[in-house]
Amino acid sequence: MSEDLKKLTGKNPKDFEPVACSLINKPDVALFAELVEKEDFLFDFVKQNVATRLEKCCNSSNYKNLLSLLKYYSPSYEEFIVSTLVKFSNEDLTDEILEIFKNGNTSEKTYCAKYFSYIQDPLAIDLLKEYAYDDDTYLSSNCASTLAILGDNSCYEQAIAMLDNADDFIKLDAVRFLVSYGNKEAVNKIIDSMKKSSMAENFAGEVLYLTDWFSLYNTSKTDALYVLNHITNGLGEILGLSQVFDFNLYEILEKLINEELDSQIAVVLANLKDKFETLTENDEYLFDETKETKQEILEIKKLLSSINTQALNAYIDEELYEDSEFVYTALELTNCAENVRALLDSNNPTVVLKSVEILKRMNELTQQDKELALSSVQNEDIKNIICAI
């Protein structure tokens with residue numbers, strides 16, 4: 001960390017004030033680039049302090065110097081940069097930012113997309129649509145949210161249609177767009193698409209940024225539990241552990257523990273207990289996490305440990321039927337081979353395959369079981385897998 005950056009992020013006004021003003025007035029692009037580069041090593045309150053210090057140095061004479069900083073994107077400094085540009089905006093500045101949006105790098109485009117959420121110029125709509133599905137999530141998110149503010153409904157309808165695409169990656173792009181767009185009417189359609197996707201954990205990790213879990217639970221208990229179950233499956237693998245704060249997972253569990261126990265709640269809670277045992281049994285998952293995240297994970301595990309496992313197990317096998325939203329998790333959790341065996345003639349070939357795998361794991365798989373499974377399945381690829389088990 002350079003001496004100037006130490007001063008800029010420090011506590012002494014005699015140090016940080018001249019550095020902040022120099023950064024804006026020069027402008028010192030190299031120092032700003034270093035600030036962005038070190039973002040992950042700075043506490044949130046430090047970044048907020050820096051943003052406030054830089055904003056105080058901006059005025060009607062130097063605000064255009066901010067355009068030189070746009071090459072380095074940071075969500076921590078986006079608000080101060082964009083709001084300052086908006087404060088002093090005029091037609092010439094908007095034209096200049098539109099040109100940067102057309103020809104700039106990804107970071108510049110990201111700031112520009114945010115600018116047009118304030119300066120609602122319809123000339124930006126085509127560019128916003130062009131980058132609404134960009135690989136850079138900050139850029140795509142800013143474009144989607146700005147299109148919503150501009151009231152462009154055509155892109156919303158396009159994303160809804162994409163949820164029916166056979167390609168899961170296209171569907172996931174649509175989900176991310178819809179979450180950033182912010183229309184909660186899309187929630188049910190996203191969950192319906194999620195139920196037909198092999199990337200349900202990815203979908204689940206997005207949908208709770210569009211609606212909160214408690215609202216979803218009040219609307220559809222099964223859907224809320226289904227989303228929570230796939231969030232559980234994704235934690236530590238697809239989803240970051242710090243997202244437990246975003247999802248309010250501890251508060252969700254407090255509610256579920258106090259609900260009347262049934263088979264769906266039992267499966268979800270049993271899955272959570274199993275997951276948090278895995279997350280905390282060694283340092284593999286927690287090693288790089290912050291102190292706050294580690295503490296929250298341990299608190300959640302402690303809360304889950306208060307649940308009677310036998311009480312949960314008494315309900316789990318009730319979800320061992322092919323149309324259950326929780327059948328795959330129930331198969332992972334059950335101890336009853338006969339109840340698993342009952343699924344070998346299911347109309348759902350993936351349920352049949354999963355049942356064969358579970359019986360094999362239990363050392364209960366017989367030749368008769370395999371023959372029944374093979375007679376139930378038409379898909380040749382799945383048949384070959386069953387034969388190989």
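Keep in mind that what you see is a predicted model, and the values were worked out from it rather than measured.
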Does any N or O in the side chain of Asn90 come within less than 3.5 Å of the main-chain N or O of Leu93, such that one atom is a donor and the other an acceptor? yes
Can you name the side-chain hydrogen bond (donor to acceptor under 3.5 Å, both in side chains) partners of Glu79, sequence neighbours left out? Tyr118
In terms of hydrophobic clustering (I, L, V, M, F, W, Y; side-chain heavy atoms under 4.5 Å; direct or indirect links), are Val82 and Tyr131 co-clustered? yes
Is the closest basic N to carboxylate O distance between Glu299 and Lys294 below 4.0 Å? no
If you draw a 6.0 Å radius around NZ in Lys383, do more than 12 non-hydrogen atoms from other residues or ligands fall strictly inside? yes
Hey, are Glu96 and Lys64 close enough for a salt bridge, meaning a charged N less than 4.0 Å from a carboxylate O? yes
Between Glu206 and Asn202, a side-chain donor and acceptor under 3.5 Å: no
Quick check, are the ring centers of Phe32 and Tyr72 under 6.0 angstrom apart? no
Electrostatic pair Asp152-Lys129, nearest N-O below 4.0 angstrom: yes
So Tyr77 and Phe80, would you call those rings parallel, tilted or perpendicular, with 30° and 60° as cut-offs? perpendicular
Decide whether Ser76 and Glu39 meet the rule of one side-chain donor and one side-chain acceptor closer than 3.5 Å. yes
Quick note, salt bridge (Lys or Arg N to Asp or Glu O under 4.0 Å) partners involving residues 177-199, not counting sequence neighbours, are Lys195-Asp223, Lys195-Glu325
Are Leu333 and Leu320 grouped together when hydrophobic residues (ILVMFWY) are joined by side-chain heavy atoms under 4.5 angstrom apart? no
Under 6.0 Å from the NZ atom of Lys221, do we count more than 12 heavy atoms belonging to anything else shown? yes
Are any of the side-chain nitrogens in Glu357 or Lys360 under 4.0 Å away from the carboxylate oxygens of its partner? no
Does CD belonging to Glu281 count more than 12 external heavy atoms closer than 6.0 Å? yes
Going by the ring pair (Phe, Tyr, Trp, His ring centres under 6.0 Å) test, which pairs reach into residues 229-256, not counting sequence neighbours? Tyr209-Phe247, Tyr226-His230
When you compare the side chain of Glu108 with that of Phe101, does any pair of heavy atoms fall below 4.5 Å? no
